[in-house]
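Here is the structure we will look at.
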2 protein chains.
Amino acid sequence: MPREAFFNLKTEKRERIVDAGIDEFAEYGYQPASISRIVERADIAKGSFYHYFEDKKDLFKYILQLLGDMKLKILGPVLMEAGSRDFFDTVRDMYLNSIRWVLQEPKLMRISQSVMLDRELRNEVLEDNQQKAINYYLSLINIGVARGDLRQDLDRELTAHILLVLQFAMVDIYYEKHGQEIEETAFMSLAEKILNTIAIGIRNNQPSRRELLWTEKL
Amino acid sequence: MPREAFFNLKTEKRERIVDAGIDEFAEYGYQPASISRIVERADIAKGSFYHYFEDKKDLFKYILQLLGDMKLKILGPVLMEAGSRDFFDTVRDMYLNSIRWVLQEPKLMRISQSVMLDRELRNEVLEDNQQKAINYYLSLINIGVARGDLRQDLDRELTAHILLVLQFAMVDIYYEKHGQEIEETAFMSLAEKILNTIAIGIRNNQPSRRELLWTEKL
DNA sequence: TAATAAAATGACTATATAGTCATTTTAGAT
DNA sequence: ATCTAAAATGACTATATAGTCATTTTATTA
């Protein structure tokens, strides 16, 4: 947590420092990010940084927290309406909201990604953010099962992990195919395909000959 | 690629250098790995390092290549027998072979993971290794579809990506639940669950009342 | 206005890094 | 034994980093 001195700063300055941190972390990732560059970007003295924060990790955690709050603000409403819609419609809507947010705040997204994709960093720095994301999915899954959209016998925790992993993989797969520039409809079409895959699975449930004969009887 | 001088070295020294690199990369990851520490570990002069390699990335790529060769040696035979077994049996077998290899070479696995989980690094350094993994899965999928184990209408490239992502996520999920120490049967039980999820999907295909009535007629 | 406490500063220390290169060592050929 | 070319060396340069702290600036209170 930032020190008291940081919260006593005027909003403008506080935001300038946070922005500098966001720029630096988005450009270099966590490990190679440099406090010297951050203070230069923010136009504050080196000593001031250490009045406001314990160290680099302290600032980073704080930024992650801001980021988590933003995301929850965006995805909270989706969760509220989950009871009245098909599970997969809800998840699709969640993706849509996320991607629109990413398009507005690409830097924050890069930071969030860099954390989620690095287990070391995640363990060291993330603490409860990962669990928050899992819990969000768990809520959705519980509702989905209750609605009868999802199988009763799911390992819900595991399913939450799988959905979270796929959510992040989606961005990777998109980049690989379309390059770094995200376009909403193309992205959602990929999301649709991935959702469909996890929904009905990949195994061939080709009806047996006996089943086919029954169908023909209609 | 390492310089000629490196390949002229006696095997013992070459291995000492590679081992030093593996230790360093496994301990620190790519970015924070230090050439100074590597030469110290390997007990060679700084200048020698630059006779053997262009830079840190050069050594790293070389290690990744060794790693890829090892993995292919292990997983090649699995692919050969894929035609005669159910798709999911084959993938399960692949996981089993991989995990046994990991248990023998945990350092190499940590390096491989650190690459796969970091998109920046992957783009910069991996080049064809990711594509090799995707191609391996593509081969499996093609056989699986031909055998009738998998749906005809799959987007095979996408499915390969999903399977690869899940493969890596598996390790993460395992660590989170059981800690860093991997135990073969517990790991395979998790693998089984994940495979089952992707095989049949999560949507509830509860037969409708009309369908149930038909079934009762038998 | 004067006194005082909090905030801000940036030069400085100590340390680590990548990469270079003039010199020395080694090993093989004559 | 002598010569020669390749291999190995490690001190050195230039640069970057995190974190400190005595000093200065600012704002607030008396």
Side-chain angles (χ1 to χ4, degrees), chain A residues 1-63 111 114 120-121 124-125, chain B residues 1-64 111 114 118 120-121 124-125:
Chain A
M1 261 293 113
R3 300 181 198 279
E4 197 187 329
F6 176 71
F7 294 108
N8 293 337
L9 291 174
K10 285 182 196 157
T11 311
E12 189 275 326
K13 190 166 188 179
R14 228 169 40 226
E15 285 179 350
R16 212 172 64 225
I17 295 170
V18 168
D19 286 348
I22 289 172
D23 286 349
E24 177 74 10
F25 288 125
E27 187 169 341
Y28 293 92
Y30 175 71
Q31 293 278 12
S34 142
I35 291 176
S36 298
R37 272 195 303 259
I38 289 173
V39 302
E40 199 184 352
R41 284 180 200 261
D43 199 26
I44 59 170
K46 184 63 113 24
S48 302
F49 182 91
Y50 288 95
H51 278 187
Y52 306 146
F53 304 98
E54 195 134 345
D55 50 21
K56 183 166 73 171
K57 202 191 294 178
D58 195 22
L59 169 61
F60 192 64
K61 279 187 187 174
Y62 178 66
I63 288 175
I111 292 172
S114 80
E120 297 286 332
L121 185 56
E124 194 184 1
V125 116
Chain B
M1 262 292 111
R3 300 180 198 281
E4 198 188 328
F6 177 72
F7 294 107
N8 293 338
L9 290 175
K10 287 182 194 155
T11 312
E12 188 276 325
K13 190 166 188 179
R14 228 170 38 227
E15 285 178 351
R16 212 172 64 224
I17 295 171
V18 168
D19 286 347
I22 288 172
D23 286 350
E24 176 74 9
F25 289 126
E27 186 169 342
Y28 293 93
Y30 176 72
Q31 292 280 13
S34 142
I35 291 176
S36 298
R37 271 194 304 257
I38 290 172
V39 301
E40 199 184 352
R41 283 179 200 262
D43 198 27
I44 60 170
K46 183 64 109 30
S48 302
F49 182 90
Y50 288 95
H51 279 187
Y52 306 146
F53 304 98
E54 196 133 345
D55 49 21
K56 183 166 74 172
K57 202 191 292 178
D58 195 20
L59 169 60
F60 192 64
K61 279 186 187 175
Y62 177 67
I63 288 176
L64 282 185
I111 293 172
S114 80
D118 182 332
E120 298 285 332
L121 186 56
E124 194 184 0
V125 115

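Only a predicted model underlies this, so the values are computations on that prediction, with no experimental measurement involved. Per chain, numbering begins at 1; letters A, B, ... match sequence-line order.
Considering only residues two or more places apart in sequence or on other chains, A:R16 meets the salt bridge (charged side-chain N to carboxylate O under 4.0 Å, His left out) condition with A:E12. Under the rule for a salt bridge (charged side-chain N to carboxylate O under 4.0 Å, His left out), the partners of B:R37 that lie at least two apart in sequence or sit in another chain are B:E24. In this structure A:D19 satisfies the salt bridge (charged side-chain N to carboxylate O under 4.0 Å, His left out) test with no other residue, sequence neighbours excluded. Residues that satisfy the side chain to side chain contact (heavy atoms under 4.5 Å, CB included) test with A:E54, not counting sequence neighbours, are A:R3, A:D58. For B:F60, the ring-ring contact (aromatic ring centres under 6.0 Å, His included) partners at least two apart in sequence or on another chain are B:F25, B:Y30. Partners of A:Y62 according to the side chain to side chain contact (heavy atoms under 4.5 Å, CB included) rule, which considers only residues two or more places apart in sequence or in another chain, are A:M1, A:P2, A:F6, A:F7, A:V18, A:L66. With sequence neighbours left out, the side-chain hydrogen bond (donor to acceptor under 3.5 Å, both in side chains) criterion links A:K57 to A:E124. The salt bridge (charged side-chain N to carboxylate O under 4.0 Å, His left out) search around A:D23 returns A:K107, not counting sequence neighbours.
For the contact set between residues 1-21 of chain B and DNA chain D, defined by any heavy atom under 4.0 Å, the members are B:N8, B:L9, B:K13. Listed in residue order, the members of residues 38-47 of chain A having a heavy atom less than 4.0 Å from DNA chain D are A:K46, A:G47.
With rounding to the nearest 0.5 angstrom, the CD atom of A:E15 is 13.5 Å from the NZ atom of A:K10. Taking CD1 of B:I63 as the start and CD1 of B:I22 as the end, the distance is 5.0 Å to the nearest 0.5 Å.
Note on A:S48: a base of the nucleic acid sits closer than 4.0 angstrom, heavy atoms only. Within 4.0 Å of B:F53, counting heavy atoms only, lies no atom of the nucleic acid at all.
Taking every heavy atom of both residues into account, B:I44 and B:F49 meet most closely at CD1-N, 4.1 Å.
Residues A:I17 and A:F53 meet the side-chain proximity criterion, which asks for heavy atoms closer than 4.5 Å. Considering only heavy atoms from C-beta on, B:L59 stays 4.5 Å or farther from B:Y52 through its side chain.
Each end of the helix from C:dT1-D:dA30 to C:dT30-D:dA1 gets its own axis from five base pairs, and the two axes differ in direction by 10°, given to 10 degrees.
Taking a heavy-atom distance under 4.0 Å as the criterion, the stretch of DNA chain D touched by chain A extends 5' to 3' from D:dT17 to D:dC21.
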